[in-house]
4 protein chains.
Amino acid sequence: MPPTPPVPERRPHTGRRRNEAARQAILAAARRLLAAGGGEPVTVDSLAREAGIGKQTIYRWWPSKGAVLLEALTSTARDQVSTPDTGALESDLAAFLCDLFQAGTAPDNAAMLGTLLAEAARDPQVADLLRDFTRTRRGDLRTIVERARERGETAAGTDVDLLVDQAFGVYWFRFLSGHAPLTPEVARTLARTLALGAR
Amino acid sequence: MPPTPPVPERRPHTGRRRNEAARQAILAAARRLLAAGGGEPVTVDSLAREAGIGKQTIYRWWPSKGAVLLEALTSTARDQVSTPDTGALESDLAAFLCDLFQAGTAPDNAAMLGTLLAEAARDPQVADLLRDFTRTRRGDLRTIVERARERGETAAGTDVDLLVDQAFGVYWFRFLSGHAPLTPEVARTLARTLALGAR
Amino acid sequence: MPPTPPVPERRPHTGRRRNEAARQAILAAARRLLAAGGGEPVTVDSLAREAGIGKQTIYRWWPSKGAVLLEALTSTARDQVSTPDTGALESDLAAFLCDLFQAGTAPDNAAMLGTLLAEAARDPQVADLLRDFTRTRRGDLRTIVERARERGETAAGTDVDLLVDQAFGVYWFRFLSGHAPLTPEVARTLARTLALGAR
Amino acid sequence: MPPTPPVPERRPHTGRRRNEAARQAILAAARRLLAAGGGEPVTVDSLAREAGIGKQTIYRWWPSKGAVLLEALTSTARDQVSTPDTGALESDLAAFLCDLFQAGTAPDNAAMLGTLLAEAARDPQVADLLRDFTRTRRGDLRTIVERARERGETAAGTDVDLLVDQAFGVYWFRFLSGHAPLTPEVARTLARTLALGAR
DNA sequence: TCATAAACGAGACGGTACGTCCGGTCTTCTT
DNA sequence: AAGAAGACCGGACGTACCGTCTCGTTTATGA
């Protein structure tokens with residue numbers, strides 16, 4: 001998810017090219033700072049200093065600080081959640097949710113998400129990016145449910161979107177308010193409930 | 001919900017008393033600003049100017065800007081959600097969720113909530129207050145489910161917390177990401193699903 | 001020469017008043033920094049830090065950094081040059097120029113002037129203020145010459161302005177280019193030359 | 001006065017040779033920008049854009065931005081001041097000063113000088129170059145006075161440096177502060193005064 | 001009735017972060 | 001090798017807010 005999608009340029013590019021090392025340094029610094037304190041602010045200056053680059057290099061490539069943080073998060077989290085296919089809805093859900101809960105409660109990720117939500121709340125652009133990210137994850141879960149439907153595991157009138165949102169809803173709601181844990185145990189119970197409800 | 005509960009002072013009060021008009025002016029201004037733009041910042045200065053009062057009057061009675069905003073929201077939203085008792089879990093849930101969804105999608109409330117979440121994300125104190133607020137609402141829903149359990153409408157091993165969080169999860173998740181609506185129709189479907197799952 | 005001349009306000013001022021201590025702290029810090037290095041930049045941040053005040057307090061009362069520096073200089077230099085009255089043009093000139101040269105070559109003043117000129121060069125507003133300051137000093141010298149004219153010490157067609165500018169010209173030209181010294185010896189020679197030329 | 005004098009290279013030149021057109025384009029652009037606004041900043045980027053060349057081409061041949069600006073000025077002004085030899089000090093001075101004043105008050109030159117002084121004030125290197133430039137002009141005037149001395153037109157104890165600095169001092173002082181004009185009339189009066197003073 | 005004390009509108013204050021601008025250097029591709 | 005294009009680091013700029021701190025004024029007691 002690079003912020004400057006590779007518009008297939010016809011013109012042979014002239015001038016110095018974007019420094020990939022700088023880009024990686026910025027993202028790495030963002031990950032370090034996001035994970036470091038308990039949701040500490042992560043200022044642009046601290047980010048630039050940590051990465052050893054100039055502030056302008058950040059603003060040249062990302063529209064806002066939050067966009068950097070989001071990319072730092074998503075590029076990390078992309079491969080931490082699988083889309084299992086065990087042949088049964090409940091076990092697929094259980095596997096998916098266990099992964100999701102685990103990724104969301106790993107201290108680093110949790111700190112990053114918390115800080116990121118703070119950015120999203122004040123920067124609409126980040127909020128959009130975050131929604132995009134969420135949409136992708138939703139798609140993964142939808143795939144699992146669709147497969148089950150094709151296998152005939154779900155009743156006719158099942159509202160797939162609603163089912164998916166119940167799963168993610170529990171995840172986000174507990175993540176945000178923290179009033180109850182996100183253990184594998186909970187993941188399995190939720191998987192059972194949802195699978196039952198879909199029949 | 002005055003933030004400074006009237007500690008029963010021994011010493012007979014002297015000096016000018018709190019100006020209730022100022023308090024109301026602040027809350028009204030907060031509601032106006034929260035509802036106005038699409039999640040615009042609502043600075044303390046703008047709040048004071050809008051209310052026609054001095055900044056100190058805000059900080060004299062509330063611990064932070066967010067606390068004002070939260071009180072502005074909750075004092076509005078308090079009575080928009082009922083705790084119905086129809087004698088059947090599904091209809092109780094449906095009534096509760098219809099109210100919840102309706103309150104959450106009313107344009108003013110939605111704008112206020114959005115802006116407030118932005119504050120919560122950066123001000124831990126507001127986040128706590130917001131959690132308190134949420135806890136109250138959760139308690140209402142729990143009450144409904146508990147009543148159903150006493151009537152024998154739920155299975156033995158039902159995880160009441162999880163059930164409640166599915167309901168609120170759908171609400172918050174859709175509210176935040178906006179990828180799907182929060183219609184009464186959805187509320188009824190969700191109520192049916194949850195009631196079925198509880199059996 | 002306060003930046004906010006005392007407009008005789010009719011309205012009884014409301015709100016906190018300007019903090020004179022802060023104003024003095026800023027000017028003192030400016031003098032310290034101007035005198036410190038050999039014409040080092042004096043950034044606004046360093047000025048604020050040195051004075052222990054917020055940047056905004058500077059920008060609230062002065063239009064630009066240079067305006068602060070100029071006021072710091074002029075409030076110091078105001079009383080270092082006298083307007084002597086010995087009864088003879090040459091000795092008056094000699095006294096005046098000795099003072100002028102001495103004030104201009106004192107290490108602190110020289111450093112301050114140098115740094116200030118750098119500001120004046122890029123900030124037209126400071127240039128104007130500097131011109132005002134210069135105009136005042138010119139006036140002092142003119143007074144001396146006028147007095148001599150009234151005593152009949154000058155020829156009829158003497159161009160007083162030109163005479164004054166020759167004196168200040170030597171001062172500034174040598175100060176800026178530094179190719180020759182500004183000793184009392186030179187001051188006396190110049191005084192003699194000018195007095196002779198005026199006859 | 002090219003900054004890189006053509007050292008007679010022994011090594012048979014390899015690679016592309018210096019592009020004289022680029023050099024001229026840079027100087028022309030500098031003159032245009034210097035003369036354009038009322039002392040506007042003239043950034044390196046704007047200079048490169050105006051000249052249609054890359055920034056590096058500037059820094060390959062000049063040590064700093066100000067050096068370019070100075071060369072742009074001096075290469076223009078070089079031949080605008082003559083060193084006349086009429087056989088009499090006063091008329092020589094008058095001719096010299098008329099030229100000097102005229103060159104310094106031509107709108108373009110004035111704008112260029114103003115902008116350049118701004119650079120000199122913040123860039124010591126430019127200040128040095130500017131001093132060099134001034135020294136050359138001073139040398140011209142000294143020559144005039146020395147010739148007069150050889151002809152016996154000056155008194156024994158005349159301080160030639162001081163005389164020269166009176167002339168240039170008037171010029172710079174009036175140029176900088178702008179409080180009085182630099183007309184040919186003034187030039188002639190000044191010439192007469194100085195010639196008288198030297199006897 | 002008057003002194004005292006608190007609340008108020010106004011707004012200056014110290015401080016932190018922001019996003020922009022510019023100078024001088026470095027890198028890429030073309031000539 | 002020189003040039004055009006332009007990304008890079010570093011650092012100052014001027015602005016926006018926050019939460020605190022005076023000011024002078026207003027209002028309610030208790031002496």
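In the text below, chain A, chain B and the rest are named by the order of the sequence lines, each starting its count at 1. Quick note: numbers below take in every heavy atom, side chains included, and nothing from hydrogens, waters or symmetry partners.
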Response to the item:
Ranking dC18(E), dA4(F), dC8(F) by distance to the side chain of R60(A), first place goes to dC8(F)
Discussion item. Rounded to whole Å, please give me the gap between CD1 in I53(C) and C1' in dG14(F).
Written reply: 14 Å
Worksheet item: Any side-chain N or O of T57(D) under 4.0 Å from OP1/OP2 of dA2(F)?
Response: no
Discussion item. Quick one, L27(A) and E71(A) - any side-chain contact, counting heavy atoms below 4.5 Å?
Written reply: yes
Worksheet item: In whole angstrom, what separates L47(B)'s CG from dG9(E)'s P?
Response: 12 Å
Response to the item:
note: E20(B), atom CD; dA28(F), atom P; distance rounded to Å ~ 14 Å
Item to complete: Find out whether L47(C) and T43(C) are in side-chain contact, i.e. whether some heavy atom of one side chain is under 4.5 Å from a heavy atom of the other.
Response: no
Worksheet, complete the sentence: Out of dT15(F), dC8(F), dC18(E), minimum distance to the side chain of Y59(C) belongs to dT15(F)
Practice prompt. Check the distance between dA10(E)'s P and I58(B)'s CD1 and give it to me in whole angstrom.
Written response: 12 Å
Worksheet item: Closest nucleotide of DNA chain E for G52(B) versus for T43(A): which of these residues is on the 5' side?
Response: G52(B)
Fill in: Short side-chain N/O contact to dG24(F) OP1/OP2 from R17(C), under 4.0 Å
yes
Fill in: Stacked cation flag R18(A) on W61(A), 6.0 angstrom / 45 deg
yes
Item to complete: Take atom CD of Q56(A) and atom C1' of dC9(F), then tell me their distance rounded to the nearest Å.
Response: 11 Å
Worksheet item: Quick one: is W61(D) getting a side-chain N or O under 4.0 Å of the dG3(F) phosphate, OP1 or OP2?
Response: yes
Response to the item:
Taken to the nearest whole Å, CG/D45(D) to P/dA7(F) is 11 Å
Worksheet entry | Residues S75(D) and R31(D): side-chain donor-acceptor under 3.5 angstrom | yes
Worksheet item: Starting at CZ of R16(C) and ending at C1' of dC23(F), how long is that distance when rounded to a whole Å?
Response: 9 Å
Fill in: First of G54(C) and G66(D) reached from the 5' end of DNA chain E, by closest nucleotide
G54(C)
Fill in: Beyond-backbone contact of N19(C) with R23(C), side-chain heavy atoms, under 4.5 angstrom
no
Discussion item. In this structure, how many angstroms lie between the C1' atom of dA4(F) and the NZ atom of K55(D), rounded?
Written reply: 13 Å
